[in-house]
Amino acid sequence: SGFAPPTQHVLEKSEVAPSKLSMKQKDAYEPLSSFFRPTTCRHKDGQTLIPCPVGEGLNTTECLKNKCCSSKTSHELTCYMPFKDNVQLTFRLLVLVAGGFFILGCLPFCCNDFLRRSQCVNPLRRANKEIEQIVRKKRAHSEDVYGLLLD
């Protein structure tokens, strides 16, 4: 009786909160899996066609939605499973390894440049106190000389 009524709307049991927070683990790894397991719908003469697990009598749109290949020519199956594309996998791995080697090759140059500019690591970047005092004295002396000349 001493509690104030809540000002925010509270969901009833019959209402459902729309949430997309619960992602399946399969959905999260799908892009990574598709990168390392590329597929193609190009049919070669020696390959056997495996029917799509969803069904054989699907139209082209339903076949593509289920990640299957639709046949445009007169094959035995109108909707079949895609094939592994080893050429695409080789190309992707080659680009990935070449990129890694490029980054590893540039890393020493970047670290060297950063450390060379750093005052705490490079003693030549630190200010020398004796030189600072000499420069201050010369500036003060030159200001005095120029001040006398202008008067």
Side-chain angles (χ1 to χ4, degrees), residues 1-139 142:
S1 62
F3 295 105
T7 56
Q8 294 179 347
H9 176 69
V10 179
L11 292 175
E12 300 293 329
K13 288 184 180 179
S14 61
E15 292 179 317
V16 178
S19 70
K20 293 184 179 180
L21 297 176
S22 60
M23 268 183 81
K24 295 179 182 176
Q25 189 175 10
K26 184 179 180 183
D27 295 338
Y29 291 111
E30 189 171 336
L32 186 67
S33 174
S34 66
F35 181 81
F36 287 107
R37 294 183 186 176
T39 57
T40 183
C41 288
R42 283 180 265 143
H43 178 268
K44 295 179 184 174
D45 292 332
Q47 291 176 324
T48 59
L49 297 177
I50 301 170
C52 192
V54 179
E56 294 179 28
L58 299 175
N59 63 12
T60 306
T61 307
E62 291 176 358
C63 188
L64 294 175
K65 281 183 184 177
N66 292 310
K67 297 182 181 176
C68 292
C69 300
S70 63
S71 176
K72 295 178 183 173
T73 61
S74 61
H75 289 294
E76 304 90 42
L77 298 173
T78 56
C79 189
Y80 59 92
M81 292 292 292
F83 304 104
K84 287 168 66 173
D85 193 357
N86 291 329
V87 174
Q88 186 72 18
L89 177 64
T90 305
F91 178 73
R92 288 179 181 179
L93 289 177
L94 182 68
V95 168
L96 189 68
V97 168
F101 278 127
F102 179 74
I103 289 172
L104 286 175
C106 290
L107 191 63
F109 295 111
C110 295
C111 290
N112 182 29
D113 191 45
F114 174 74
L115 292 175
R116 189 174 30 146
R117 293 180 185 203
S118 174
Q119 290 182 359
C120 60
V121 176
N122 191 351
L124 298 176
R125 285 282 182 176
R126 293 187 204 139
N128 193 340
K129 293 181 181 179
E130 295 174 6
I131 295 175
E132 277 186 30
Q133 289 176 355
I134 294 170
V135 169
R136 283 186 197 152
K137 286 180 184 178
K138 285 192 177 187
R139 282 186 188 161
S142 64

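As the structure is a computational prediction, the values presented were derived from the model and not from experiment. The figures here come from the full heavy-atom set of this structure, side chains too, leaving out hydrogens, waters and symmetry mates.
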Worksheet item: Is the shortest heavy-atom distance from the side chain of Phe83 to the side chain of Leu49 under 4.5 Å?
Response: yes
Worksheet, complete the sentence: Here the pair of heavy atoms bringing Leu89 nearest to Pro38 is N-CG, 3.6 Å
Worksheet item: Counting only N and O atoms by type, is there a donor-acceptor contact under 3.5 Å from the side chain of Ser142 to the main-chain atoms of Lys138?
Response: yes
Item to complete: Report the residue from Cys63, Cys52, Cys79 that forms a side-chain contact (heavy atoms from CB on, under 4.5 Å) with Ser70.
Response: Cys63
Worksheet item: Which heavy atom of Pro51 sits nearest a heavy atom of Met81, and at what distance?
Response: O-CG, 3.6 Å
Worksheet entry | Phe109 CZ to Asn112 CG distance, which is reported to the nearest 0.5 Å | 8.5 Å
Worksheet item: For residues 93-102, which residue pairs qualify under salt bridge (Lys or Arg N to Asp or Glu O under 4.0 Å), counting only residues two or more places apart or in two chains?
Response: none
Fill in: Glu130 atom CD: more than 12 heavy-atom contacts under 6.0 Å
no
Worksheet entry | SG on Cys110 to CD1 on Ile103, rounded to 0.5 Å | 10.0 Å
Worksheet item: Does Tyr80 reach the main-chain N or O of Cys41 with its side chain, forming a donor-acceptor pair under 3.5 Å?
Response: yes
Worksheet item: To the nearest 0.5 Å, what is the distance between CD (Gln88) and CG (Leu93)?
Response: 10.5 Å
Worksheet item: Looking only at heavy atoms, which two atoms of Arg92 and Phe35 are closest? And how far apart?
Response: NH1-O, 3.1 Å
Worksheet, complete the sentence: side-chain contact (heavy atoms from CB on, under 4.5 Å) test vs Thr40 passes for just one of Asp85, Asn86, Val87, namely Asp85
